[in-house]
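Take a look at the structure set out below.
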Amino acid sequence: MDLKTLKQKMDEAHYVYDDTLATVLSVALQLGRPLLIEGAAGVGKTEIAKVMASALDRDLVRLQCYEGLDESKALYEWNYQKQLLSIQVNMGSKDSKELTKDLFRDEYLLERPLLKSIRSEKPVVLLIDEIDKADEEFEAFLLELLSEMQVSIPEVGTIRARSVPFVVLTSNRARPLSEALRRRCAYLYIQYPDMEKELAILRAKLPHVDDRLCAQVAVAVQKLRASEAILKKPSIAETLDWAAALDALGIRELTPDALRQTAGFILKNSEDIAVLEEMEPGEHHHHECGYDGNCGGHHHD
Amino acid sequence: MTDPDVYLEKLSYFSRMLRLDGLPISPKETADAARILTELGFADREQVKTALRTVYAKSREEQITFDRVFDGFFISEEAMRAQAQKQMEQERQMEQARQEAEQELDSVDLNQDQLDTYAAMPEEARDKLRRFMDRYRDSAERNPELYSNFIHSVFAKTLLEQQMLLEDAAVGGEATDPELGLLFRDISQFRDVEIPKAISIIQTISRQINGELTAKRGRAGHSGKLDFRRTIRKGLETGGSLYRLKYKKKRNRRKHLVLLCDVSGSMVQFSEFALRFIQSINQVSESSRVFLFSEEMYEADAFSLQNMDLFRDHVRKCGIYGKGTDLGSALEKLCAAKPAALNTSTTLLILSDTKTIDQPRALAALQEAKRLSGRVLWLNPIPQGHWQHIRSVQAFSTVCSMVCCNTLNALAAACRRLTIT
């Protein structure tokens, strides 16, 4: 898929992107390389995989990584209970060699996300989320899949991909990933969106919310992220939740009172909320940040 | 540049340039880059840059190196001409300044590097040196042997300091990524406004190190003893047959850490950062005791180390802030502490720039501390390049391992080292 078509598809999915992101996605697609996305929590890494699934009209297969994740949870597992039942049922009726061979048929194979993604007839988008949370052994195990698009199961042999999935790996940089894994991927680093992009996201995702309120929310979120005192920076999803909550409460103007009432939607720990309460009322107003877009001209007295 | 052979050759040369700058570029990546450029063309410079960055750079740090090399390599003709002109102008100015320096300093025996440093120094600093030379000119003419050595040593010292300042000013990619700039900048050069940012970097890196340690502990293998309870419970899944044996995990033995921190004038900022770093790595040690010293030594409690303000207040209240350094006395007190602070299971970590009064006494006390403790590691905030000129560093480094920690990045590497061995 060329760059122009990809942009068109992302527009159709109402996804807000910049040229850099579109170019990186297009390069990864054209080269058939997995895409490794790094960035702080809440910048929209996972969303990229979802949008790609929608843009490419493919199913999304997701593998959420965690400490201790192994191949039985990620690739496949034999259905032991079913195998034992089969042994009990067929005991005496078959010779033992045939019985053993029978036990390793597809029927007894429980497909986990990785195997599912390469055995699918139609290509899918495979999201390996938060790879930095998995152990280093798991990274090493992924190498065969990412470079050769095949996996080895001792009882069955090598399984080659029926269709090549578009693989997206995300990482919050909780630990450095191995060089071997990095070198097999195309790389993208994303940061929090700037004011204009954030506003565009709000407009695209919440078209029913008043434009002036969206602008005020975007300005306030930018200020909170820029503040060194705020420990947990608001994510894009939290910005959307906040704007939706304000709208649901019928608030049309982001006054300091409204901000305090709904702070729990945007700030998720008590220290940050305390910092917000300590801020000067004037710091909440957009005109101090120099935003000159269509914000509705509130608090300009 | 429409001929494919020409741009492929250039691309191969670009890959070599990236390798020279430390990026591990394989032929596969060059082939990928060639393939993608064939598709995209060269019309849009930013697009080419993004596409090549995606292929070549595999981390945030590599992206910054890539951008620098790309901007230096793929340069438009006008920009190249302007740059060449600017460089010629700079060289001409430098040559002129060098000639002036030679004329001004004809009586002082300086090498070419020192002359270059003098030429690059700000006018104010040069003027100070000129005034110094004028003051001693008559004396030097009367007794050249005595005074020329003195003048030369003052010049050499000042020029070395200026050289360090110029190097510090050149450090870091702050313009492109402020966080990386802080990571590689001398800790003592941090401005007050940058301290919260530096603290958040410390938190991020210590989270990374903690993650690595957790992963390492998970991989550490088992103790060899069978865990019957877990084995039988797991066996229930397979109808009672003990399909997979479960073993008891190895007990994780962590170290007892004793930190001896120099909080004399210039060291207080470094000590604060280093302490914060070491303490935030919760898995480094089972227990830790922190001793602060300048001319006197005091033990710090955990409460006073909670944040920077409390730490500084505590240092001031103890009356040790801004005083000189007496490492020998501090180490002697530490060795004689009752109940004993040092024993064979402790790791003694010294945070100091090695500048102390009564060096022989400090050296003897360090040897005694080494004998008493399991291991001694010295974190030194002086850049390693300057160690060869400092006698105290050479003396102390013969007794214990010394690690350079002048930047947050080096400090992180030292903390990793502390956790490994």
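This is a predicted model, so every value here is computed, not measured. So that the names make sense, note that chain A is the first sequence line, chain B the second, and so on, each numbered from 1. For the numbers below, each heavy atom of this structure counts, side chains included, while hydrogens, waters and symmetry mates do not.
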Spacing of CZ belonging to Arg53(B) relative to OG1 belonging to Thr20(A), to within rounding of 0.5 Å | 6.5 Å
Measuring from Tyr189(A):OH to Ile64(B):CD1, what's the distance to the nearest 0.5 Å?
-> 8.5 Å
Heavy-atom count check: over 12 atoms from other residues, nucleotides or ligands less than 6.0 Å from [X] [atom1]?
X	atom1	answer
Lys49(B)	NZ	yes
Tyr66(A)	OH	yes
Arg19(B)	CZ	yes
Lys101(A)	NZ	no
Lys232(A)	NZ	yes

Side-chain contact test, heavy atoms from C-beta onward, threshold under 4.5 Å: evaluate it for Arg184(A) versus Lys58(B) and give yes or no.
-> no
Side-chain contact test, heavy atoms from C-beta onward, threshold under 4.5 Å: evaluate it for Tyr187(A) versus Glu62(B) and give yes or no.
-> no
Determine the sole option in Asp19(A), Leu21(A), Thr23(A), Val27(A) for which the side chain to side chain contact (heavy atoms under 4.5 Å, CB included) test with Thr50(B) is passed.
-> Thr23(A)
So for [X], is it side chain, backbone, both, or neither that comes closer than 4.5 Å to the heavy atoms of chain A?
X	value
Gln47(B)	both
Glu46(B)	neither
Ala57(B)	backbone

Pair Ser26(B)-Arg183(A), side chain to side chain contact (heavy atoms under 4.5 Å, CB included): steps then yes or no = CA-CA 9 Å; Ser26(B) 68; Arg183(A) 303 245 77 85; 5.9 Å; no
Of the backbone (N, CA, C, O) and the side chain (C-beta and beyond), which part of Leu177(A) lies under 4.5 Å from a heavy atom of chain B, both, or neither?
-> neither
Which residues from residues 29-41 of chain A are near chain B, with near meaning under 4.5 Å between non-hydrogen atoms?
-> Gln30(A), Leu31(A), Arg33(A)
Under a 4.5 Å heavy-atom criterion, the part of residues 74-88 of chain A in contact with chain B comprises Tyr80(A), Gln81(A), Leu84(A)
